[in-house]
There are 2 protein chains.
Amino acid sequence: MLELRHLRTLIALRDTGSLVEAAERVHLTQSALSHQIKDLESRLGMPLFTRKTRPVAFTHAGERLLTLAEQVLPQLRVAERDLARLAGNEHGRLHMAIECHSCFQWLMPTVDHFRNHWPEVEVDIPSGQNFDLLPGLTREALDLVITDNPQPLPGVHYAPLFRYEGLLAVSKQHALAGRTWVEPDDLAAETLIVYPVDHSRLDVFTQFLDPAKVQPREVRSAELTVMMMQLVASGRGVCALPNWALTEYLERDYVKALPLGRDGVWSTLYAAIREESRELPWMEDFIRTARDTSFAVLNGIKPAGD
Amino acid sequence: MLELRHLRTLIALRDTGSLVEAAERVHLTQSALSHQIKDLESRLGMPLFTRKTRPVAFTHAGERLLTLAEQVLPQLRVAERDLARLAGNEHGRLHMAIECHSCFQWLMPTVDHFRNHWPEVEVDIPSGQNFDLLPGLTREALDLVITDNPQPLPGVHYAPLFRYEGLLAVSKQHALAGRTWVEPDDLAAETLIVYPVDHSRLDVFTQFLDPAKVQPREVRSAELTVMMMQLVASGRGVCALPNWALTEYLERDYVKALPLGRDGVWSTLYAAIREESRELPWMEDFIRTARDTSFAVLNGIKPAGD
DNA sequence: GCATGCTATGAATTCTATTCACGATTCGGA
DNA sequence: TCCGAATCGTGAATAGAATTCATAGCATGC
């Protein structure tokens with residue numbers, strides 16, 4: 001009668017605050033969740049939460065089930081890991097690299113969490129050479145590459161982690177600061193600050209400016225997000241960054257962020273791995289853990305399909 | 001992927017030792033369980049137990065899942081009880097009586113267990129008057145009666161608890177002791193010892209001797225099971241009792257027990273309650289608890305349909 | 001060697017969860 | 001106050017799963 005699926009739904013609901021988003025999180029439609037919960041509530045003979053408020057407010061019954069979920073679901077995860085371990089294949093190597101700047105924010109918690117559960121897997125993030133990383137994957141120099149730029153390569157599988165929105169950060173005094181969103185033309189007179197990587201790897205260009213055939217007045221680069229923020233805050237330019245990289249500056253009311261175009265520019269972050277390693281239990285677990293921690297740590301991101 | 005149903009199945013499997021019986025326990029067919037488990041095993045990529053042995057032997061993976069089940073299922077029960085409590089209706093009265101002798105063996109653990117979880121329900125087993133108990137139910141003098149003799153009464157619902165087999169206890173030296181089962185005629189020359197209740201409430205008569213129009217040479221009664229056993233062991237008669245009432249004497253090798261007829265005589269024990277009280281959360285819980293503890297405490301009983 | 005009891009299996013079926021396509025409701029802004 | 005955007009609810013249709021049915025295969029004990 002009560003099933004694990006219900007518990008997962010409730011957790012997603014609490015984390016997101018709305019049926020629509022919770023549905024996305026568990027890869028179902030909003031309608032499915034509405035039915036699912038309605039029917040659970042009717043069997044229990046009482047409501048689990050109020051929908052009239054944002055985020056939804058849980059009743060005592062709802063809270064109780066959440067508690068149950070928090071108890072049970074982790075135990076399940078542990079058991080699944082133990083089973084994977086019993087299946088053998090618990091040894092392995094996970095050398096990974098990140099193609100995208102400033103991913104450490106969520107990668108570190110993921111790696112920590114993972115290390116605890118798979119002591120037999122040798123985890124390493126060799127830093128240094130910033131060459132093209134994907135070939136390193138086929139060469140077996142690397143086992144996993146975090147990238148937002150999947151290119152069809154034989155023997156490489158891209159596991160989607162999550163979707164995020166590229167936002168334009170501008171100073172609070174900036175002329176654009178009052179707008180609801182910006183159009184490509186708005187950037188023609190601006191100084192655009194970017195990471196020092198190839199043009200083709202910057203979504204602002206590939207997905208926003210290039211299609212509209214617009215070029216910013218000036219382009220300059222900076223290594224670190226903090227530096228960019230300083231430049232932006234002092235009005236010396238604007239920059240486009242993933243929404244989650246901006247949250248801490250937005251919270252401190254340091255800069256203002258605007259969607260790129262009416263519908264925004266969304267990209268997906270992938271974990272690139274070798275096809276053969278795809279079914280390894282600890283690899284599957286790493287991907288799951290990465291997704292889970294991302295949602296726990298980052299704001300404003302959305303699930304990506306499989 | 002892994003669902004609660006699987007955990008319940010595994011528990012049933014461990015408790016019973018075979019797919020056939022486990023299937024009965026969870027109210028499914030043997031085929032369903034075979035499919036269910038096969039499919040779980042294939043998804044996990046390893047077997048959970050060996051079927052070639054009786055009882056089945058769990059693999060490490062199977063053991064791990066059993067551990068999970070033991071962790072999770074009780075938590076679920078507690079949560080369900082808490083929800084029922086939140087639904088209100090946690091107050092109530094449960095005055096019960098037993099029509100069948102020697103039910104205390106499993107009733108006591110049930111009652112204890114129940115008292116802990118429903119402190120607000122006043123539990124009582126008024127002993128004494130051995131009148132017809134069912135009317136007391138409609139009169140609201142009683143709230144629950146344990147009986148093996150359900151009679152259609154308006155407003156009374158019979159919740160089946162379990163099925164048990166009536167066995168004939170004979171002394172180890174008895175002429176019948178070597179037989180695989182007994183026929184009605186075999187009792188024509190015997191002294192039959194019974195509880196001092198009405199003929200119509202004794203299954204040996206109603207289901208075994210009467211249909212075959214056989215009468216025992218002599219019928220005498222005894223109040224307590226121990227007394228009966230003493231008489232039987234010393235060869236002064238034979239007696240028919242539920243299999244579970246006999247197990248302790250069989251284990252001590254005190255007497256011998258035989259099925260009544262080739263297929264045995266099976267009866268069902270019911271909890272008779274008022275229709276209105278059927279949906280009360282604590283009443284539902286009591287029935288469930290009674291079933292569960294019966295299976296845990298008693299040997300050789302089988303589930304009864306709903 | 002045959003009966004008995006258990007498990008496996010493929011196809012058919014039944015049932016339940018999910019989607020689809022709406023309609024209803026709320027909220028904030030012109 | 002009247003949109004428009006977003007969210008949630010609902011009934012009917014659908015897809016997908018779990019379950020049953022009807023067997024076959026395999027041991028084990030007599």
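Throughout, protein chains are lettered first and strands after them, A, B, ... in sequence-line order, and every chain is numbered starting at 1. If you're wondering where the values come from, they're calculated on a predicted model, not measured in any experiment.
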Practice task
Output every pair passing salt bridge (Lys or Arg N to Asp or Glu O under 4.0 Å) with a member in residues 253-263 of chain B, not counting sequence neighbours, ordered by first then second residue.
Solution key: B:K172-B:D253

Completion exercise
Contacts of B:E183 meeting side-chain contact (heavy atoms from CB on, under 4.5 Å) (sequence neighbours excluded), chain-then-number -> B:W181, B:D186

Exercise for the section: Measure from the side-chain N and O atoms of B:R5 to the backbone N and O of B:Q36, and report whether any donor-acceptor pair falls under 3.5 Å. Expected result: no

Practice task
Output every pair passing ring pair (Phe, Tyr, Trp, His ring centres under 6.0 Å) with a member in residues 18-50 of chain B, not counting sequence neighbours, ordered by first then second residue.
Solution key: B:F49-B:F58

Fill in the blank from the handout: Between CZ of A:R5 and C1' of D:dG16 the distance, given in whole Å, is 13 Å

Fill in the blank from the handout: When rounded to whole Å, the CZ to P distance for the pair B:R43 and D:dA18 reads 6 Å

Exercise for the section: Give the rounded distance in Å between these two atoms: CH2 of B:W181 and C1' of C:dT4. Expected result: 13 Å

Handout entry: Length of the line joining A:E41:CD and D:dG9:C1', which is rounded to integer Å
Key = 12 Å

Handout entry: Pairing residues for A:S34 by the side-chain contact (heavy atoms from CB on, under 4.5 Å) criterion, not counting sequence neighbours
Key = A:L19, A:Q30

Practice task
List for me each residue that meets side-chain contact (heavy atoms from CB on, under 4.5 Å) alongside A:A57, sequence neighbours excluded, and say none if there are none.
Solution key: A:T50, A:T53

Exercise for the section: Write down the distance between CD (B:Q36) and C1' (D:dT20), rounded to a whole number of angstrom. Expected result: 14 Å

Exercise for the section: Go through the structure and list residues passing side-chain contact (heavy atoms from CB on, under 4.5 Å) with B:E275, not counting sequence neighbours. Expected result: B:H157, B:R278

Practice task
Answer yes or no: does a side-chain N or O of A:R51 lie under 4.0 Å from OP1 or OP2 of D:dT7?
Solution key: no

Problem - B:R54 vs C:dT7: side-chain N/O to OP1/OP2 distance below 4.0 Å - result: yes

Handout entry: Rounded interatomic separation in angstrom, taking NZ from B:K38 and P from D:dT20
Key = 17 Å

Practice task
Summarise protein proximity over nucleotides 23-30 of chain C in one line of letters, 5' to 3': B for base, S for sugar-phosphate only, - for none, counting protein heavy atoms closer than 4.0 Å.
Solution key: --------

Handout entry: Protein-nucleotide distance (A:L4, atom CG; C:dT16, atom C1'), rounded to Å
Key = 17 Å

Completion exercise
Taken to the nearest whole Å, CZ/B:R262 to C1'/C:dG5 is 13 Å

Completion exercise
What residues 15-23 of chain A contributes to the DNA chain D interface at heavy-atom separation below 4.0 Å is A:S18, A:L19, A:V20

Handout entry: Sequence neighbours excluded, every pair satisfying salt bridge (Lys or Arg N to Asp or Glu O under 4.0 Å) that has a member inside residues 56-65 of chain A
Key = A:R64-B:D82

Exercise for the section: Could you name each residue pair satisfying side-chain hydrogen bond (donor to acceptor under 3.5 Å, both in side chains) that touches residues 161-171 of chain B, not counting sequence neighbours? Expected result: B:E24-B:R163, B:D148-B:Y164

Exercise for the section: Provide the full list of ring pair (Phe, Tyr, Trp, His ring centres under 6.0 Å) pairs with a residue in residues 286-306 of chain B, sequence neighbours left out, each pair given once. Expected result: B:F114-B:F286

Problem - Strand-adjacent residues in residues 25-35 of chain B, judged by heavy atoms under 4.0 Å from DNA chain C - result: B:Q30, B:S31, B:S34, B:H35

Handout entry: Any side-chain heavy-atom pair of B:R25 and B:I11 under 4.5 Å
Key = no

